[in-house]
Colleague: 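Dumping the structure here so I can ask a few things about it.
All figures in this text were calculated on a predicted structure; none of them were measured in a lab.
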Amino acid sequence: MSQLPIETVLDDLFQGITKRDRLIVKAPPGAGKSTRLPLALLERDLVAGKILMLEPRRLAARNIANYLASQRGESLGETVGLRVRGESRTSKQTRLEVVTEGVLTRMVQDDPELDGVSLIIFDEFHERSIQADVSLALVLDVQQGLRDDLKVMLMSATLDDDALLSLLPDAAVITSEGRCHPVTYDYMPVSRQRGIGSPSYESLVAAEVSKLMLAQSGSALVFLPGVAEIKRTADELKTRVSEDVLICPLYGQLSPKEQQQAIAPCESGKRKIVLATNIAETSLTIEGIRLVVDSGLERVARFNRKTGITRLETVQIARSSAIQRAGRAGRIEAGHCLRLYGEDNFQRMRAVPEPEIVTSDLTSTVLELAQWGATPDELLWLDSPPELHWTQASALLVQLGLLQENQTLTAMGRAAHAFGTEPRLAAMLAFAKKCDDKAAQSTACWLAAWSEEPLRGFREPDLAKHLVAVSRQKGNQARRARYFAEKLGCSLSSDMAFYWLPVLASVAWPDRVAKARGNDGRYQLSNGHGAELEPDHPMTGADYLVVADLMTVKQGNSKIFVAAELDISELENERSELFTDFEWVDWDDNKGRIIAERQRRLGRLVVDKTAIASPDQSRITDALLSAVRRKGLSSLSWNTKSESLLTRARCAMNWCIGPDLPDISDDGLLAQLETWLAPFMVSVTRWSQMNKIDLNAALEAYIGWEAAKDIDRLLPETYKVPTGSGYRIRYQVGQKPVLAVRMQEVFGEATSPTIADGKVTLVLELLSPAQRPLQITQDLAGFWQGAYREVQKEMKGRYPKHVWPDDPANHVATNKTKRHFKQ
DNA sequence: CTCTCCCT
């Protein structure tokens, strides 16, 4: 085998690893970074302890580990080991462990000092999965605080150097060439009518693939966004290709054995078409591939903060992914890539994919960091987790009973973390463990296994039927159920505990308990959102459901796919922590009376209520205040005086009085109604009496008598012009104050008048004798000198009886005509 | 026409 490009930089790399603690290895596909590099590290014996190499996918981890072991003439589990979910192949001899991302996070959590580990390699770091970002943050924390001898290496094909270097300024950067045989390209834009989602999309893809197979030699790798597209394309292809062409689907939910079949070499004389998701985009060599067909699409999980639901979206891939996908064609010999989009489209793609941590549900991440005992601002991030997502995730963990308000784990939270599954399911399993009912525990295991990997294409609304079906399956779900059962110390049964099932589901999805809005299948979820059953759904009419699977649609109610009927009183018996008591008072506009009731609530749902017979005055005040809050400040009876005080106080805050005043913005006042408005409502019992409130007095009391006096002095309501008349100053928040006055009345004023101890200049709106606007100026002196001449000429013509002096700055002000003046 | 990937 000829020398790989990475060999030429190995010396730099060995030097880097001796001198620095952090390394960045940038190498395009074919350099040998995931294969030659780790072997070279083992051969050189540069690091004393174990090397961990992180791969983003199980399939990739398994293949690389197998390949590395075979290169050393060993079998897996000797020097080279593997650790992924559900499979651990290591021994005392093991010096290089290939692991997946979640496994690394677990290892760090279980042993923060990472005893015996000397080097951690993050392969394919450019993919920026949330797991890789989180485990890097933890590993860097370990390096800084506990293990200054630990080395970290980030390997990537395409990565924003600047961002990474500013995160790790002292890292050694090693750049390698790639090696790739030449690849030729064809572009074929697909019209919207035949594009993704249209019924003819897969037949178009299949036609192009079979044409390519006729025209070219070798096997093909086709990148499609998801399982549905893969299955339909496979069906279409069967009728179009000859029998010596194998059609091999490849995606994550297939069993390891099926996946292995898809990437294994063909029998001699045969060729194959691999239909893959982006599981095959990196770290995977498939025998005999020299043709690539790229749909240019992928599915990404996008968390909707409003509904708390993660939805899969089909989106255009990034340019870096398009390059990776095409590169698969040139691994063995010169290849060809057909892109099912235009070349201009390729140029317009975003350069690199958006990091998952920015768009994902952070519930698992918050739990992980709480277990670690750090807040996000104490760790290093390439992209910080967004604060709003973080707060929402924390709130969910609190609701699940895993986190305390102070962000530390509860006892149940610590127990849940040990289950190694997503927080909702972990909370449910921890609850099952405590409830000490074997049937409930078995059901909990099946529910967790189902939720991790639901049955695809099983159109069945009843959650119980899903679990029964899952319990009859062999494979991933059964293995996971057994794993959970071991943790709970229970045995698995395919009889579901029907009493417990809805309770368990409510523990996992407390935000998705649904209350009927009527008899027509419309429901309200405890998170406040609307959801509905399909028409003629057998559960229509049930008072309460717990929704295990639903889909948000762009507009209107979410669609409920899988649910269980719930007896709300049973949930109250088993998990009263989910419920809160609440005294609700409000003014009902339609009925024209106070509503006062004691409510039992689950999230936003009112599950029970009793009227409070004769509410006392403070309750009535509360009700009216909540009506004010709903209707806004403008619903109060403002008059000129109170409105003027409020506006002037707000202006004063901007100009001269500063932050001593309480928050008197609309939001600030609405938030403090109890403080400033309530004391003036002692005898108000109906909305119609609200107009009796002296808002001026209330505001004056709120901002303080001294401040109110200052405001009157600094921001007077009127301004006295030289004639002695006072005119109202127009105040508006965010704008300069305006004084409208007839021009003649300010003769004798040399410069623009000011207020607020001279800090603010009045804008003069100068009017004609007939009160028509003539000029607006903030600089009266300048006006007299300049533009006044023109105005004077015009005014002399139109109002000859009035005085229009040549030197207005020093003339006597007047509101009268010449005749009066002469007398 | 409901579903990428991953977790002691």
Colleague: Taking the nucleotide of DNA chain B with the nearest heavy atom to each, does A:Ala228 or A:His417 sit closer to the 5' end?
Modeller: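 The residue closer to the strand's 5' end, by nearest nucleotide, is A:Ala228.
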Colleague: Under 4.0 Å, counting only non-hydrogen atoms across every strand here, what does A:Lys487 touch: a base, just sugar-phosphate, or nothing?
Modeller: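 The answer is base, as A:Lys487 lies within the cut-off (heavy atoms under 4.0 Å) of a base atom.
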Colleague: Distance alone, cut at 3.5 Å: any donor-acceptor contact between the side chains of A:Asn63 and A:Glu55?
Modeller: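 No - no donor-acceptor pair under 3.5 Å links their side chains.
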Colleague: Tell me what A:Gly252 touches on the nucleic acid: a base, only sugar-phosphate, or nothing, going by heavy atoms under 4.0 Å.
Modeller: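 Sugar-phosphate contact only - A:Gly252 comes under 4.0 Å of backbone atoms but never of a base.
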Colleague: Taking only residues two or more places apart in sequence, or in another chain, which ones meet A:Glu298 in a salt bridge (Lys or Arg N to Asp or Glu O under 4.0 Å)?
Modeller: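 Listed in chain order: nothing, the list is empty.
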Colleague: Restricting to side chain to side chain contact (heavy atoms under 4.5 Å, CB included), what partner residues turn up for A:Glu87, sequence neighbours left out?
Modeller: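 Scan of A:Glu87 (side chain to side chain contact (heavy atoms under 4.5 Å, CB included), adjacent residues dropped) gives A:Arg62, A:Leu82, A:Val84, A:Arg89.
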Colleague: Under 4.0 angstrom, heavy atoms only, what part of the nucleic acid is A:Arg57 near: base, sugar-phosphate, or nothing?
Modeller: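 Counting heavy atoms under 4.0 Å across all strands, the contact made by A:Arg57 is with sugar-phosphate only.
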Colleague: Under 4.0 Å from a heavy atom of chain A: give me the 5'-most and 3'-most nucleotides of DNA chain B that qualify.
Modeller: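 Result: B:dC1 to B:dT8.
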Colleague: Between A:Leu312 and A:Ala418, which residue's closest nucleotide on DNA chain B lies nearer the 5′ terminus?
Modeller: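 On the 5' side of the pair lies A:Leu312.
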Colleague: Check salt bridge (Lys or Arg N to Asp or Glu O under 4.0 Å) between A:Arg482 and all other residues, then give those that pass, not counting sequence neighbours.
Modeller: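 Result, salt bridge (Lys or Arg N to Asp or Glu O under 4.0 Å) vs A:Arg482: none returned.
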Colleague: Please work out if A:Val300 contacts a base, only the sugar-phosphate, or nothing of the nucleic acid, heavy-atom cut-off 4.0 Å.
Modeller: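 Since no nucleic acid heavy atom lies under 4.0 Å of A:Val300, the category is nothing.
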Colleague: Listed by chain and number, what are the salt bridge (Lys or Arg N to Asp or Glu O under 4.0 Å) partners of A:Asp111, not counting sequence neighbours?
Modeller: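 Partners of A:Asp111 under the salt bridge (Lys or Arg N to Asp or Glu O under 4.0 Å) test: none.
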Colleague: Would you please name every residue forming a salt bridge (Lys or Arg N to Asp or Glu O under 4.0 Å) with A:Glu236, sequence neighbours left out?
Modeller: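 Once residues adjacent in sequence are excluded, the partners of A:Glu236 under the salt bridge (Lys or Arg N to Asp or Glu O under 4.0 Å) criterion are A:Arg240.
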Colleague: Applying a 4.0 Å non-hydrogen cut-off, can you work out what A:Arg459 is touching in the nucleic acid: base, sugar-phosphate, or nothing?
Modeller: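 The residue A:Arg459 makes base contact.
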